[in-house]
Amino acid sequence: KAGVTQTPRYLIKTRGQQVTLSCSPISGHRSVSWYQQTPGQGLQFLFEYFSETQRNKGNFPGRFSGRQFSNSRSEMNVSTLELGDSALYLCASSSPRTGPSSEQYFGPGTRLTVT
Amino acid sequence: AQTVTQSQPEMSVQEAETVTLSCTYDTSESDYYLFWYKQPPSRQMILVIRQEAYKQQNATENRFSVNFQKAAKSFSLKISDSQLGDAAMYFCAYRLPIDDKIIFGKGTRLHILP
């Protein structure tokens, strides 16, 4: 079974631009979560999508948005990029909750550099 | 709000020795899950071990085991017979059963000395 894939793996953008990152979950997984990882703030939850609906949202400005498609693939968009948005963006997928817990599987991440 | 604290930013251990990574958390919930994740230099986050709060027995996965002290809100990871491949960032994490949102600690960078 293929793992979680994220594209692109590396991205360089200029302040003020916008960017779209993509995440393809493991086949059969319907939940996709996004995290931002920076040296200063560590790993922070951005949002979670399940069956094309945003189910949970972290404490990030409205410049950060996401969506999920009917095939469970997800995209996140950051508009009006700032230098502080430079980070590793991780995506994680999990299967529908059929038991008390569902393990999350992480992708390799997209390294975004804003100059 | 739930928080996860890892007080050791970096640790080193001799190959084949045992090392313990510390983690404390704060929550008012009684039912939750705790995790240790490993992030090697390649950056792929991997689940090392999971503990359900309602289970008193400490979880074990091969050379990895936890010491879960619910009353003290402590969740440490013990790595026995350390190997060079264990070198990585280790994150302690918390999650509620109804949620996929994971709250991570800041991480502990583990160095394995040959």
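In what follows, chains are A, B, ... by sequence order, proteins preceding strands, each numbered from 1.
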> Does any heavy atom of chain B fall under 4.5 Å from the side chain of A:Leu90, the backbone, both, or neither of them?
Replying inline: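 When you check distances to chain B, only side chain atoms of A:Leu90 fall under 4.5 Å.
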> Checking heavy atoms, do the side chain of A:Gln37, its backbone, both or neither come under 4.5 Å from chain B?
Replying inline: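 For A:Gln37, the contact with chain B is made by the side chain alone.
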Does a sphere of radius 6.0 Å around [atom1] in [X] hold more than 12 heavy atoms from other residues, nucleotides or ligands, not counting ones at 6.0 Å or beyond?
X: B:Gln56; atom1: CD; value: no
X: A:Ile12; atom1: CD1; value: no
X: B:Lys78; atom1: NZ; value: no
X: B:Arg63; atom1: CZ; value: yes
X: A:Asn71; atom1: CG; value: yes

> Under a 4.5 Å heavy-atom cut-off, does chain A meet the side chain of B:Lys101, its backbone, both or neither?
Replying inline: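 For B:Lys101, the contact with chain A is made by backbone and side chain together.
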>> So for B:Ile102, is it side chain, backbone, both, or neither that comes closer than 4.5 Å to the heavy atoms of chain A?
In response: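 The answer is both parts of B:Ile102.
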>> Does B:Phe91 form a side chain to side chain contact (heavy atoms under 4.5 Å, CB included) with A:Leu43? I'd like the steps, not just the answer.
In response: CA-CA 9 Å; B:Phe91 293 96; A:Leu43 280 149; 3.8 Å; yes
> Should A:Tyr105 and B:Gln44 count as side-chain neighbours, where that means a heavy-atom distance under 4.5 Å?
Replying inline: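 A:Tyr105 vs B:Gln44: side chains apart.
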>> Does any part of the side chain of A:Gln104, heavy atoms only, come nearer than 4.5 Å to the side chain of B:Leu47, both counted from C-beta?
In response: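 No; the side chains remain at least 4.5 Å from each other.
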>> For the CG atom of A:Leu88 and the CD atom of B:Gln39, what is their distance to the nearest 0.5 Å?
In response: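 With rounding to 0.5 Å, CG (A:Leu88) is 6.5 Å from CD (B:Gln39).
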> About how many Å separate OG of A:Ser94 and CZ of B:Arg95, when rounded to the nearest 0.5 Å?
Replying inline: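 Reported value, rounded in 0.5 Å steps: 7.0 Å.
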Establish whether [X] and [Y] are linked, either directly or via other cluster members, by ILVMFWY side-chain heavy-atom contacts under 4.5 Å.
X: B:Tyr25; Y: B:Val66; result: yes
X: A:Tyr35; Y: A:Leu81; result: no
X: B:Val4; Y: B:Ile49; result: yes

> Taking the six-membered ring where the residue is Trp, are the ring centres of A:Phe106 and B:Tyr37 under 6.0 Å apart?
Replying inline: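 Distance test on ring centres: under 6.0 Å, yes.
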> So which heavy atom on B:Lys106 is nearest to which on A:Gln41, and how close?
Replying inline: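 The pair with the smallest heavy-atom distance is NZ-O, 3.2 Å.
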